[in-house]
Amino acid sequence: MKNKKSRIVLVGGGSTWSPGILKAMTTHLNEFPIEEIKLYDIDAERQEVIGEFAKILFKEEAPEVKVSYTTDEEEAYRDVDFVFCQMRTGGFDMREKDEKIPMKYGVIGQETCGPGGFAYGLRSIRDMVQMVNSVRQYSPDAWILNYTNPAAIVALALDKIFPEEERILNICDQPVNLLRSFASLIDYDADKLEPVYFGLNHYGWFTNLYDEDGKDRMPEIKDIILNGGFRPVDAEQRDQSWLDTYAMVEDMLIDFPDYLPNTYLQYYLYPEYKFSKADPTRTRTDEVREGREKKVFEECRRIVENGTAKDSTVVHNDAHGDMMVEVAGSIFHNLRKTYVVMVRNNGIVSNLPDDSMIEVAASLSINGPQPYAVGPIDTFYKGLIESQHGYEKLTVEAYMEGSYTKALQALTLNRTVVDAKKARQVLDALIEANKEYWPELK
Ligand code: G6P
Ligand code: MN
């Protein structure tokens with residue numbers, strides 16, 4: 001048992017992901033002891049349900065941990081060691097618009113990719129900057145672990161706006177989700193599979209997967225995928241759209257056999273196909289509202305009513321919570337575990353721009369992420385990443401400069417859009433829908 005205990009605030013306390021993170025905290029107390037956990041949300045109603053659940057969970061599993069929830073910023077950010085950040089500016093109502101508006105113009109509608117991700121990005125930056133400023137006011141040394149999407153845009157914006165910040169780490173669970181699924185194909189412990197990975201967030205590839213004997217298991221895993229398709233490790237709990245997404249890994253591997261791709265590349269490599277399969281009236285938001293959101297809130301309410309979480313299985317199934325907690329533990333206790341995270345490139349991938357925020361394997365220590373060098377990458381991947389980085393950078397600049405032209409350039413560069421006339425139509429529609437949230441673009 002470690003001596004030093006952490007004080008944590010979970011921003012976006014009323015999120016559907018919160019119960020899984022809270023549960024993961026209770027199962028990792030040996031490697032990551034906790035003194036206090038605070039939940040913070042601007043939506044008091046959603047947060048109360050999760051907050052009351054949290055009190056019961058910790059009372060039963062770890063009564064020594066202090067649990068509270070608040071809508072007050074100062075109370076939330078004062079005297080913490082970690083900020084776990086997973087806010088969603090505009091909530092599911094705006095996610096729905098991000099997904100449905102582009103489809104009216106023949107373009108993919110997706111939470112983080114294409115125009116949907118662009119719109120969400122311009123909404124997230126403002127609140128994220130404000131969050132960093134107030135955290136620094138009340139907890140100057142806290143680590144900010146950010147999971148807020150679109151993480152690629154958020155990471156780049158924060159890097160530009162706070163270039164001196166050394167304690168912000170942007171992370172995404174998709175590499176670890178994939179790693180778990182790859183490991184299950186060869187019946188191996190995912191924690192013992194060492195990945196080599198490069199790319200941008202939601203835009204990367206695994207090049208090697210080494211087991212404990214130093215053997216690269218990638219060829220074997222590719223063979224299995226090519227001979228039977230690919231289902232995620234937790235397939236039974238997955239909605240159909242996620243099963244379809246995992247199945248596309250086989251398609252990508254047939255076309256581009258070098259590496260194992262991140263599932264999000266499907267939108268960039270097959271935009272027309274993905275568009276043709278999508279239903280413009282029913283997108284992922286509808287599925288989440290009817291599925292995870294309903295399930296999580298009903299379950300938390302039930303637990304609160306019964307006063308016990310002992311009989312509950314709904315809230316602790318995900319790799320997501322484990323990753324958030326393990327990443328914090330590895331930093332706080334200098335465990336130097338390897339995770340795929342976002343860092344400023346600075347030569348790690350030697351033929352990509354230094355200022356890109358790349359996603360890469362890194363060892364996490366008390367000094368933060370220590371990324372592993374990748375070296376030069378091949379033309380196809382370099383070309384794809386450079387154009388996507390151009391899109392990300394122009395998006396951030398459009399925000400910072402209030403530039404319509406840069407916004408139009410960004411969307412035109414995005415592989416899900418390409419056509420500048422379409423880009424303009426989508427942009428104008430998104431400006432209208434995001435009036436409350438975006439800076440004015442002139
Ligand atoms: C993965 C990604 C996240 C994304 C989530 C969406 O975990 O890494 O960035 O937010 O999927 O999941 P959902 O079930 O809400 O569509
Ligand atoms: Mn992600």
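Predicted model only: the values in this text are computed from it and were never measured. Whatever order the structure lists them in is the order used to number ligands and atoms, beginning at 1.
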Practice task
Inspect the contact between R123 and D127 and indicate whether a charged nitrogen and a carboxylate oxygen are less than 4.0 angstrom apart.
Solution key: no
Problem - Salt bridge D173-R180, side-chain N to carboxylate O under 4.0 Å - result: no
Exercise for the section: Indicate yes or no: does an N/O atom of H202 lie under 3.5 Å from an N/O atom of ligand 1? Expected result: yes
Just heavy atoms, cut-off under 4.0 Å: does [X] contact ligand 1 by side chain, backbone, both, or neither?
X: R284; value: side chain
X: Q86; value: neither
X: E111; value: side chain

Completion exercise
Test ring-ring contact (aromatic ring centres under 6.0 Å, His included), reference Y259, set W205, F198, F206, output is F198
Practice task
Check Y69, Y77, F84 against Y40 for a ring-ring contact (aromatic ring centres under 6.0 Å, His included) and give me the one that passes.
Solution key: Y77
Problem - Where ligand 1 meets Y147 - atom numbers and elements under 4.0 angstrom, heavy-atom basis - result: 3 (C), 7 (O)
Completion exercise
Row for the Mn ion (ligand 2): angle SG (C172) to NE2 (H202), 10° precision, value 90°
Fill in the blank from the handout: For T89 and S124 the tightest heavy-atom approach is OG1-CA, 4.2 Å
Handout entry: Contact with ligand 1 for M323, non-hydrogen, under 4.0 angstrom
Key = no
Practice task
May I ask whether N149 has any heavy atom positioned less than 4.0 angstrom from an atom of ligand 1?
Solution key: yes
Completion exercise
Per side chain to side chain donor-acceptor pair (under 3.5 Å), T285 is matched among K97, E99, E96 by E99
